[in-house]
Number of protein chains: 2
Amino acid sequence: MSMYRIDFNDFFTSAFSVDCILFGYSEGEIKALLIKRAMQPFENLWAIPGDLIYPDEDLEQAAERVLFELTGLNNIAMHQSQTFGKPNRHPQGRVITISYFALLRIEDFEVKASSWAGDVQWVSLKNMPDLAFDHNHILSSTYEMLKLKLQNEPICFDVLPERFTLNEFQQLYEFAFEQAFDKANFRKKIKYIPLIAHDEKQQNVKHRPAKLFSFDKTTYEEATTQNRYTFKM
Amino acid sequence: MSMYRIDFNDFFTSAFSVDCILFGYSEGEIKALLIKRAMQPFENLWAIPGDLIYPDEDLEQAAERVLFELTGLNNIAMHQSQTFGKPNRHPQGRVITISYFALLRIEDFEVKASSWAGDVQWVSLKNMPDLAFDHNHILSSTYEMLKLKLQNEPICFDVLPERFTLNEFQQLYEFAFEQAFDKANFRKKIKYIPLIAHDEKQQNVKHRPAKLFSFDKTTYEEATTQNRYTFKM
DNA sequence: TAAATTATTGTCCAAATTACAATAATTAGA
DNA sequence: TCTAATTATTGTAATTTGGACAATAATTTA
C-alpha cells in the first residue's frame, strides 16, 4: 500500500488524503498525537497521522481507518475541520488533504506505532517542533476549529464517556480552553442542555461519588429542529 | 474544457471540485445563486455553480475562477466551508467537492450565464427546488457555516464595501439571521470591534449622511494574537 | 430658516453572568 | 458509630450585559 506515493498523470485528477489530528489532555496540557515519519519525504520528521483515501471510502470512514492503522486507536469519532490544497504543499505532486480531529483523555487510551510510523508520541501544543509538510499550519487551524465547535455544537459528548459526571464535563472545557470555570456557574450554564440523570453513581472514588449523566440526543435533536434550542457554551 | 467528465483510472486519484455558494440578500430574503445545468448528468436541473480544480491552482483561487466562469461575478472573496465526498455522490465517478461561500447584496452585482450554464438565477432559500447531486445538502450545511462564521469571525468585512456605514453593517446581520436588531444596541455590541472612523461621509443620500468606517485589520490581528480580544456577535 | 429625515447617544429595566459562600452527601478511618 | 476529610450541590448578592425605548444632534432640501 502506498503512502503519499502516486502517479500524477491525469490532467484533472489529484490525490486526496485525510490528516487526523488527535487532541488529548493530560497533566493540564493539550497535546496532539504525532508520528515520526519512517519514509520519504520528510523522513524522520514529526507529522500528523494521515494517508490517502481509498476510492470507495467515505471521508470520515477514511479518517477513522487511517488513525487506526497508524496509531492503533480504534473507534474514535472524527470531526471534519478544513481542507488544505496549496498546489505545492506536497513535494511529490498535488495532494489535497482534509483534516479531521477528535479529542480524548490520554490516559484512557494506549497508542502503538505502526510499520509506517517510526514512533508515535503525544506532543504539547506549546512545545511544537517543525513538522512535515504544512502540518504546523494544519494543526493550529484545526485547534481553532476544535474550540469553535466545542462552543457551538455538542461534540463534547462524542469525547466524554457514555455516562459522565458533571465534573468530567467541566474539565473537558477547562482543558480545551485552558482556563478554569466556576463549578456552580458551569452547572447553571448547562442547565438547558438535555441530559439524562442516572441513578447509579460514579465508581471507584475515595469520597462522595458524583451523579452520572448521559446526553439526551433525541430530545436535543427535536429541540434544535424545532428551533427551540441552540447549543451554546 | 471538461466539466465533471474525467477518467478514473488511477487507483488513488480522484477528481476534486469546488462548489461556490453565493448567498445574496434582497427584498428581505436570503437567496442563493444557482445555475441550470446545460449538460449531463442532471441536465436541466438547478445546481450550485461548481467545477473541477486545475492541478496548479490554489483552492480559493479555483473557487473565484469557477464562480467567474459560470456567473460572470468577479473578485468575490470566497470562504471555505466543508468538504463533501461520499463515494457515490457523483454518478460518473469519485468527485470530492470543497464548498466555498460568499455573501453579497444582490443589487450590487449583475450576473450573466455562461455557455456551461443554461441559466443563472437567485433562488430563495425558503423555496428551494430539488437540486443536482447532493447540492441541497451542501447548500443547507453551508448556510449554517455562514451563520457560524458571521458570529465568530470578522468575515462580514469581506462582504461589506471597504468603507461602510454602521447601518450597512447592521443590515448585513439582519439579512443573514433574518431578524431585526435594535440600532442603539447593535452599536453597543460592536463597540470593541476595531474600526477606523473616516471624515468623509456617505454620498448620494437625501438626508443626513452616515459616517463611514473601515475595519482596522492590523489592530484586530494584534489584539487577537495577544488574546486581548475575540470577535463575537 | 424651518421641516424632514436620519444618525447618534442616553436611560431604564430585565436578564444573564460572575464571584463567593453555605450546605448537603458520602467515604475513610479511628 | 462518630468525626474528619472531601466533594457535590445549592444559594445569594453584586456586577455586567442585553433589550426596549426615548431623546437629542446633525444634516439636507426646500
Side-chain angles (χ1 to χ4, degrees), chain A residues 28 105 147 150-152 156 160-161 163-215 223 227-233, chain B residues 28 105 147 150-152 156 160-161 163-215 223 227-233:
Chain A
R105 285 184 307 186
K147 291 194 284 187
L150 275 176
Q151 269 172 332
N152 295 287
C156 47
L160 290 166
R163 299 193 171 192
F164 52 86
T165 71
L166 297 186
N167 265 22
E168 288 174 322
F169 189 6
Q170 181 175 344
Q171 277 167 33
L172 173 62
Y173 278 85
E174 291 184 334
F175 275 115
F177 292 93
E178 297 184 274
Q179 60 175 302
F181 299 106
D182 181 277
K183 201 182 248 182
N185 296 334
F186 186 86
R187 277 149 206 252
K188 266 185 269 176
K189 186 186 260 177
I190 64 169
K191 199 165 56 177
Y192 297 108
I193 301 177
L195 297 180
I196 300 166
H198 296 281
D199 282 339
E200 347 145 32
K201 287 161 188 171
Q202 196 181 22
Q203 299 295 315
N204 302 322
V205 286
K206 292 204 193 83
H207 298 287
R208 177 183 174 187
K211 218 181 271 177
L212 288 173
F213 294 86
S214 61
F215 179 51
N227 261 328
R228 283 186 288 108
Y229 172 73
T230 42
F231 185 90
K232 203 95 193 120
M233 289 292 287
Chain B
R105 285 185 306 188
K147 291 194 283 186
L150 276 175
Q151 268 173 332
N152 295 288
C156 48
L160 290 166
R163 301 194 171 194
F164 52 86
T165 70
L166 297 186
N167 265 22
E168 288 175 322
F169 190 6
Q170 180 174 345
Q171 276 168 31
L172 174 62
Y173 278 86
E174 291 184 332
F175 275 115
F177 291 93
E178 301 186 272
Q179 60 175 303
F181 298 106
D182 181 276
K183 202 183 248 184
N185 297 334
F186 186 85
R187 278 148 206 252
K188 265 187 274 176
K189 186 185 263 178
I190 65 170
K191 199 164 56 177
Y192 298 108
I193 300 177
L195 297 179
I196 300 167
H198 296 281
D199 283 340
E200 346 145 33
K201 286 158 189 171
Q202 195 181 24
Q203 299 294 316
N204 302 323
V205 286
K206 292 205 192 82
H207 298 285
R208 179 183 172 186
K211 217 182 272 179
L212 287 173
F213 293 86
S214 61
F215 180 50
N227 261 329
R228 285 187 287 107
Y229 172 74
T230 42
F231 185 90
K232 203 91 192 122
M233 289 290 290

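Model, not experiment: these values are computed from the prediction. Every chain is numbered from 1 and lettered A, B, ... according to where its sequence line falls, protein lines coming before strand lines. All values below come from the heavy atoms of this structure, side chains included, with hydrogens, waters and symmetry mates left out.
- Along DNA chain C, the nucleotide nearest to A:R208 and the one nearest to B:F213 differ in position, and the one closer to the 5' end is contacted by B:F213.
- In this structure, CD1 of B:I190 is placed 13 Å from P of C:dA7, rounded to the nearest angstrom.
- Nucleotide D:dT17 holds its C1' atom 15 Å from the CE atom of B:M233, rounded to whole Å.
- In this entry the distance linking CZ of A:F186 with P of D:dT9 reads 13 Å, nearest Å.
- Atom CG of A:N167 and atom P of D:dA8 are 4 Å apart (whole Å).
- Put simply, CZ on B:R187 is 17 Å from C1' on D:dG18, counting in whole angstrom units.
- Distance CZ/A:F181 to CD/A:Q170: 8.0 Å, rounded to 0.5 Å.
- Rounded to an integer number of Å, the gap from A:F169 CZ to D:dT9 P is 14 Å.
- At least one test fails for A:K147 against the ring of A:Y173: distance under 6.0 Å to the centre or angle within 45° of the axis.
- Residue B:D182 places its side chain closer to D:dA20 than to any other of C:dT26, C:dT8, D:dA20.
- In terms of polar N and O atoms assigned as donor or acceptor, the side chain of B:K191 never comes within less than 3.5 Å of the base of C:dT8 in a complementary pairing.
- Atom-to-atom distance recorded for A:I193:CD1 and A:C156:SG is 6.5 Å, nearest 0.5 angstrom.
- If you check C:dT27, D:dT9, D:dA8 against the side chain of A:P209, the one that comes closest is C:dT27.
- Ring to ring, A:F169 and A:F186 are close: their centroids are under 6.0 angstrom apart.
- Following rounding to the nearest Å, A:K211 (NZ) and C:dT26 (C1') show an atom-to-atom distance of 14 Å.
- Remark: A:F175 CZ to A:L150 CG distance equals 13.5 Å, nearest 0.5 Å.
- A:K189 comes within contact range of no nucleotide atom at all, as no heavy-atom separation falls under 4.0 Å.
- For B:K188 and A:A184, each mapped to the nucleotide of DNA chain D holding its nearest heavy atom, the one lying further toward the 5' end belongs to A:A184.
- A donor-acceptor contact under 3.5 Å is formed by the side chain of B:N185 with the base of D:dA20.
- Taking atom CZ of residue A:F181 and atom C1' of nucleotide D:dA8, one finds them 19 Å apart after rounding to whole Å.
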